[in-house]
Amino acid sequence: MDSFRSQTRKKRLTPNQLMLLETNFNFDSKLDPGRKSQLALQLGVPPRQVATWYQNRRARDKNQSLEIDHKILQLRLENILSHNAKLQEEVARLKDKLNKVQEMLQTFNSSFSSSSDEVGSTNLIHSSKNHLDMEPYASFIRDAGQFGPTEGDDLFA
DNA sequence: TTGTGTTTTACGACCTC
DNA sequence: GAGGTCGTAAAACACAA
């Protein structure tokens, strides 16, 4: 396809050349024209090859940091998913508990309304009923108080 | 030895300053 | 226009079968 390309032999740099390039790259990943020609002289290669090496080295650097970022994001996602699963379980448990409380209230109210016709002192009965009604709620609120902030709350930090 | 996967080198196209 | 990134071809290399 490309006769020009096939004519240009790809020559690998020696370990010493690579060491010099790496040292310079760690100092500054960008290549100003002065440093390019200076490095080319030191290495005994065309300036174009130095520029190409820097381009490829920057690309490799970027890929590596992208991989690291990807791993970090994946870990965060796993944490969030497991936290979410725990919250779902908690929601189910609380819903169940709420249903039970509502059932208790219903049975209590129905049994009370069937027997209230027989008694004369309404004031006494009402004050007693109000007090008894609060009991299931109180226990419910007590239980709900156990679930404060959890360890997963700083997941987005 | 050779088939195959990975890394390195080199370049064209396009973008930005 | 010089120098950057991005995508990709192809050479060089590593290595199992």
Side-chain angles (χ1 to χ4, degrees), chain A residues 1-111 129-157:
Chain A
M1 158 204 163
D2 192 342
S3 61
F4 175 73
R5 273 192 176 179
S6 59
Q7 281 169 1
T8 57
R9 299 289 293 173
K10 291 178 200 302
K11 197 155 181 270
R12 291 220 165 188
L13 296 158
T14 68
N16 284 340
Q17 287 173 320
L18 286 174
M19 204 190 304
L20 182 59
L21 284 167
E22 287 286 351
T23 306
N24 278 271
F25 182 85
N26 289 333
F27 181 73
D28 186 1
S29 64
K30 296 287 170 72
L31 188 63
D32 62 85
R35 185 185 290 271
K36 179 164 71 175
S37 38
Q38 185 203 336
L39 274 172
L41 273 177
Q42 279 183 276
L43 296 164
V45 300
R48 171 67 189 159
Q49 189 173 0
V50 177
T52 300
W53 186 89
Y54 263 73
Q55 284 162 12
N56 288 318
R57 184 66 181 78
R58 278 194 297 269
R60 222 182 311 151
D61 219 32
K62 188 177 181 182
N63 272 337
Q64 284 169 353
S65 60
L66 281 175
E67 273 180 34
I68 290 169
D69 288 349
H70 179 257
K71 278 179 186 163
I72 289 169
L73 286 174
Q74 199 139 25
L75 279 174
R76 283 193 189 164
L77 175 63
E78 282 167 18
N79 283 338
I80 288 166
L81 288 176
S82 84
H83 185 234
N84 184 52
K86 282 179 190 164
L87 289 176
Q88 299 281 11
E89 283 173 24
E90 199 48 53
V91 166
R93 212 183 66 76
L94 290 172
K95 275 184 182 171
D96 188 50
K97 187 142 193 162
L98 181 60
N99 282 337
K100 284 177 182 160
V101 169
Q102 283 172 336
E103 279 171 22
M104 280 171 62
L105 264 177
Q106 256 181 346
T107 52
F108 176 78
N109 284 338
S110 59
S111 68
K129 176 178 176 288
N130 287 340
H131 171 71
L132 288 171
D133 272 353
M134 294 307 290
E135 269 309 308
Y137 289 114
S139 92
F140 185 72
I141 289 163
R142 266 199 308 276
D143 286 357
Q146 297 169 0
F147 309 107
T150 61
E151 78 283 354
D153 286 356
D154 60 344
L155 287 167
F156 298 97

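Note that these values count all heavy atoms, side chains included, but never hydrogens, waters or copies made by symmetry. In the text below, chain A, chain B and the rest are named by the order of the sequence lines, each starting its count at 1.
- A ring pair (Phe, Tyr, Trp, His ring centres under 6.0 Å) check over residues 58-77 of chain A, counting only residues at least two apart or in different chains, returns nothing.
- For A:K100, the side chain to side chain donor-acceptor pair (under 3.5 Å) partners two or more places apart in sequence, or in a different chain, are A:D96.
- Of the residues in residues 49-62 of chain A, A:Q55, A:R58, A:K62 come within less than 4.0 Å of DNA chain C through at least one heavy atom, sorted by number.
- Looking at residues two or more places apart in sequence or on another chain, you find no salt bridge (charged side-chain N to carboxylate O under 4.0 Å, His left out) involving A:K11.
- Partners of A:T52 under the side chain to side chain contact (heavy atoms under 4.5 Å, CB included) rule, at least two apart in sequence or in another chain, are A:R48, A:N56.
- Atom-to-atom, NZ of A:K10 to P of B:dT9 comes out at 10 Å; the value is rounded to the nearest Å.
- Under the side chain to side chain contact (heavy atoms under 4.5 Å, CB included) criterion, A:E89 pairs with no residue at all, not counting sequence neighbours.
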Please produce a list of atom pairs where a protein N or O lies less than 3.5 Å from an N or O of nucleotides 4-7 of chain B.
| from | atom 1 | to | atom 2 | distance (Å) |
| --- | --- | --- | --- | --- |
| B:dT7 | O2 | A:R12 | NH2 | 3.1 |

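- Listed by chain and number, the residues in a side chain to side chain contact (heavy atoms under 4.5 Å, CB included) with A:L73 amount to none (sequence neighbours excluded).
- Distance, A:R48 CZ to B:dT9 C1': 11 Å, rounded to whole Å.
- Under the rule for a side chain to side chain contact (heavy atoms under 4.5 Å, CB included), the partners of A:I72 that lie at least two apart in sequence or sit in another chain are A:I68, A:R76.
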Subject >> Test log, rule side chain to side chain contact (heavy atoms under 4.5 Å, CB included), inputs A:H83 and A:I80 >> reply: CA-CA 5 Å; A:H83 185 234; A:I80 288 166; 5.7 Å; no

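- A heavy-atom distance below 4.0 Å to DNA chain C is reached by these residues of residues 27-39 of chain A, ordered by number: A:K30, A:L31, A:P33.
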Donor-acceptor contacts, no H, no angles, side chain residues 17-43 of chain A, under 3.5 Å, sequence neighbours left out:
| from | atom 1 | to | atom 2 | distance (Å) |
| --- | --- | --- | --- | --- |
| A:Q17 | OE1 | A:T14 | N | 2.8 |
| A:Q17 | OE1 | A:T14 | OG1 | 3.3 |
| A:Q17 | NE2 | A:L43 | O | 2.9 |
| A:E22 | OE1 | A:R57 | NE | 3.2 |
| A:E22 | OE1 | A:R57 | NH2 | 3.2 |
| A:E22 | OE2 | A:R57 | NE | 3.0 |
| A:T23 | OG1 | A:M19 | O | 2.7 |
| A:N24 | OD1 | A:R35 | NH1 | 2.6 |
| A:N24 | ND2 | A:L20 | O | 2.8 |
| A:N26 | ND2 | A:E22 | O | 3.3 |
| A:D28 | OD1 | A:K30 | N | 3.0 |
| A:D32 | OD1 | A:G34 | N | 3.2 |
| A:D32 | OD1 | A:R35 | N | 3.0 |
| A:S37 | OG | A:P33 | O | 3.1 |
| A:S37 | OG | A:G34 | O | 3.2 |
| A:Q38 | NE2 | A:Q42 | OE1 | 3.4 |

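- Applying the salt bridge (Lys or Arg N to Asp or Glu O under 4.0 Å) rule to pairs touching residues 63-72 of chain A yields nothing, sequence neighbours excluded.
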